[in-house]
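Notes follow the structure.
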There are 2 protein chains.
Amino acid sequence: MYTIGQISEMFHIPISTLRYYDKEGLFPEMERKSGIRKFSEKEVEAIRVIECLKTSGLEIKDIKQFMAWCTEGPSTYSKRKELFEKRKEAIEKEMKQLQKTMDMLKFKCWYYETAIEDGNEDHLNQMLPDHLPKDIQVLYDNAHS
Amino acid sequence: MYTIGQISEMFHIPISTLRYYDKEGLFPEMERKSGIRKFSEKEVEAIRVIECLKTSGLEIKDIKQFMAWCTEGPSTYSKRKELFEKRKEAIEKEMKQLQKTMDMLKFKCWYYETAIEDGNEDHLNQMLPDHLPKDIQVLYDNAHS
DNA sequence: GTAATACCTAAACCTGACTTTAGGTCAAGA
DNA sequence: TCTTGACCTAAAGTCAGGTTTAGGTATTAC
């Protein structure tokens, strides 16, 4: 059993945020001892799930829904599984987006390296949009598709 | 040359958002014809850069700074390059985070598949935290590290 | 000539996710 | 005793990134 201060240190999450999560219903089963929150292993795992679902782009109110399902028992297993499957798809999509963004960034790094060498963008402008060096062309095309 | 409506369709960005970007100084060189915005190729490329920098986690005010550097000429090439290098690092970090999140999601999918098969979480609770099937253990450990 | 479109501005409003404030309880140590 | 530190609440405040509203202009279509 942990106090809110211990949990805050463990996860580097502000105490105010933990209280906010609690107020939003993200720890529906959490116990209290004369008003003071007692975080058990259950809540510790809940926090890991909250961070995971948040990173996957889920909103607090939908995380609350998930936590509610968890208290409902085995009848909600398949709902819970489907939620995680959807989050997997969302993350996959986001990773593709990030890869495309990465290609743009790599292209821009090359672009400015070259501009620094040349002292201007004249040569670069002549090469755009489809006479770039092969490896750079790939980045440019992916970023602009 | 494009109107705001054409650009909105091209990029699937609301007109209100394009006007907001303009108000925030993200198109410092944009021309107008009797009050009406004229988006040139320069602004089209600016929008691609805006989307890229936004995805990388940069705030609007910092994107504005970048756009201002672009109007200052060759003296800011190295500042601009450094910005893109930093964004690359940010994206790399984010991708690692997403990979960890993905491992958690995969673990949870397996977890609920198994719970559905078993009808309860008893067997699963016996396996936790370090007697999971090998491939699942890897996901679990990565997600909980 | 009038009605429909597509554009414009300034300013108010909205949303999600927190954070801060103001005021209070309770237990341990000097 | 009294003060320090860790906890508590309700309610207000903050911030980024837009969106909506209200009112206006300018061109084209019938």
Side-chain angles (χ1 to χ4, degrees), chain A residues 1-40 43-44 46-68 87 90 94 97 101, chain B residues 1-40 43-44 46-68 87 90 94 97 101:
Chain A
M1 289 292 197
Y2 308 95
T3 66
I4 200 167
Q6 290 171 323
I7 294 285
S8 169
E9 289 214 340
M10 275 174 65
F11 287 95
H12 310 107
I13 297 173
I15 290 177
S16 60
T17 303
L18 292 168
R19 293 211 259 247
Y20 163 69
Y21 287 169
D22 187 25
K23 205 178 57 183
E24 293 301 302
L26 265 41
F27 308 118
E29 311 258 77
M30 188 158 55
E31 280 176 44
R32 292 194 181 223
K33 209 169 177 176
S34 59
I36 289 169
R37 294 174 182 83
K38 296 288 157 192
F39 290 74
S40 70
E43 279 73 40
V44 168
I47 291 168
R48 279 192 279 256
V49 172
I50 290 165
E51 304 248 88
C52 165
L53 292 176
K54 231 160 50 87
T55 301
S56 85
L58 211 64
E59 289 178 21
I60 300 292
K61 69 172 186 295
D62 297 316
I63 301 179
K64 173 189 180 163
Q65 175 64 268
F66 170 77
M67 295 302 174
R87 291 297 94 205
E94 206 185 331
Q97 178 62 39
T101 300
Chain B
M1 289 293 197
Y2 307 94
T3 66
I4 200 167
Q6 290 172 322
I7 293 286
S8 169
E9 289 214 340
M10 275 173 64
F11 287 95
H12 310 107
I13 298 173
I15 290 178
S16 61
T17 303
L18 292 167
R19 292 210 259 249
Y20 164 70
Y21 286 170
D22 187 25
K23 204 178 60 183
E24 293 300 303
L26 266 41
F27 308 118
E29 310 258 78
M30 188 158 55
E31 281 176 43
R32 291 197 181 218
K33 210 169 176 175
S34 59
I36 288 170
R37 294 173 181 84
K38 296 288 156 190
F39 289 75
S40 71
E43 279 73 40
V44 167
I47 290 169
R48 279 192 279 255
V49 172
I50 290 166
E51 303 248 89
C52 164
L53 292 176
K54 231 159 50 88
T55 301
S56 86
L58 210 65
E59 288 179 23
I60 300 292
K61 66 173 190 293
D62 296 316
I63 301 180
K64 173 189 180 164
Q65 175 64 267
F66 170 77
M67 294 303 173
R87 290 298 94 203
E94 206 185 331
Q97 178 62 40
T101 300

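Each chain gets a letter, A, B and so on, in the order its sequence line appears, and its residues count up from 1. Keep in mind it's a predicted model, so treat the numbers as computed, not measured.
- In this entry the distance linking OH of B:Tyr20 with P of C:dT15 reads 17 Å, nearest Å.
- Rounding to the nearest 0.5 angstrom, the gap separating the NZ atom in A:Lys54 from the CG atom in A:Asp62 is 14.0 Å.
- B:Phe39 has its CZ atom 16 Å from the P atom of C:dA6, to the nearest Å.
- At a non-hydrogen distance threshold of 4.0 Å, nothing from residues 22-30 of chain B comes into contact with DNA chain D.
- The NE2 atom of A:His12 lies 13.5 Å from the OG1 atom of A:Thr17; values are rounded to the nearest 0.5 Å.
- Rounded to a whole Å, the CD1 atom of B:Ile4 is 8 Å from the C1' atom of C:dC7.
- Side-chain contact between A:Ile7 and A:Ile13: absent, with no pair of heavy atoms (C-beta onward) separated by less than 4.5 Å.
- The residue A:Ser34 sits apart from the nucleic acid: no heavy atom pair falls under 4.0 Å.
- Residues A:Glu24 and A:Lys64 fail the side-chain proximity criterion, which asks for heavy atoms closer than 4.5 Å.
- Atoms NZ and CE, on B:Lys38 and B:Met1 in that order, are 8.0 Å from each other to the nearest 0.5 Å.
- Applying the side chain to side chain donor-acceptor pair (under 3.5 Å) test to B:Lys61 and every residue at least two apart in sequence or in another chain returns B:Glu59.
- When DNA chain D is scanned in the 5' to 3' direction for atoms under 4.0 Å from non-hydrogen atoms of chain B, the outermost contacting nucleotides are D:dG17 to D:dT20.
- For B:Glu31, there are no side chain to side chain donor-acceptor pair (under 3.5 Å) partners, not counting sequence neighbours.
- Going from atom CD1 of B:Ile63 over to atom CD of B:Gln65 covers 12.0 Å, rounded to the nearest 0.5 Å.
- Non-hydrogen atoms lying under 4.0 Å from DNA chain D are contributed by B:Glu59, B:Ile60, all within residues 56-63 of chain B.
- Within the 4.0 angstrom heavy-atom criterion, only backbone atoms of the sugar-phosphate kind lie near A:Lys54; the bases stay farther away.
- From B:Leu26, atom CG reaches atom CD1 of B:Ile60 across 5.5 Å, with rounding to the nearest 0.5 Å.
- Counting non-hydrogen atoms of neighbouring residues, nucleotides and ligands closer than 6.0 angstrom, the CD atom of B:Glu9 reaches no more than 12 such neighbours.
- The shortest distance between side-chain heavy atoms of A:Arg19 and A:Ser16 does not fall below 4.5 Å.
- Counting heavy atoms of neighbouring residues, nucleotides and ligands inside a 6.0 Å radius, atom CZ of B:Phe11 exceeds 12 of them.
- Listed in residue order, the members of residues 6-19 of chain B having a heavy atom less than 4.0 Å from DNA chain D are B:Pro14, B:Ser16, B:Thr17.
- With rounding to the nearest 0.5 angstrom, the OG1 atom of A:Thr101 is 10.0 Å from the CD atom of A:Glu94.
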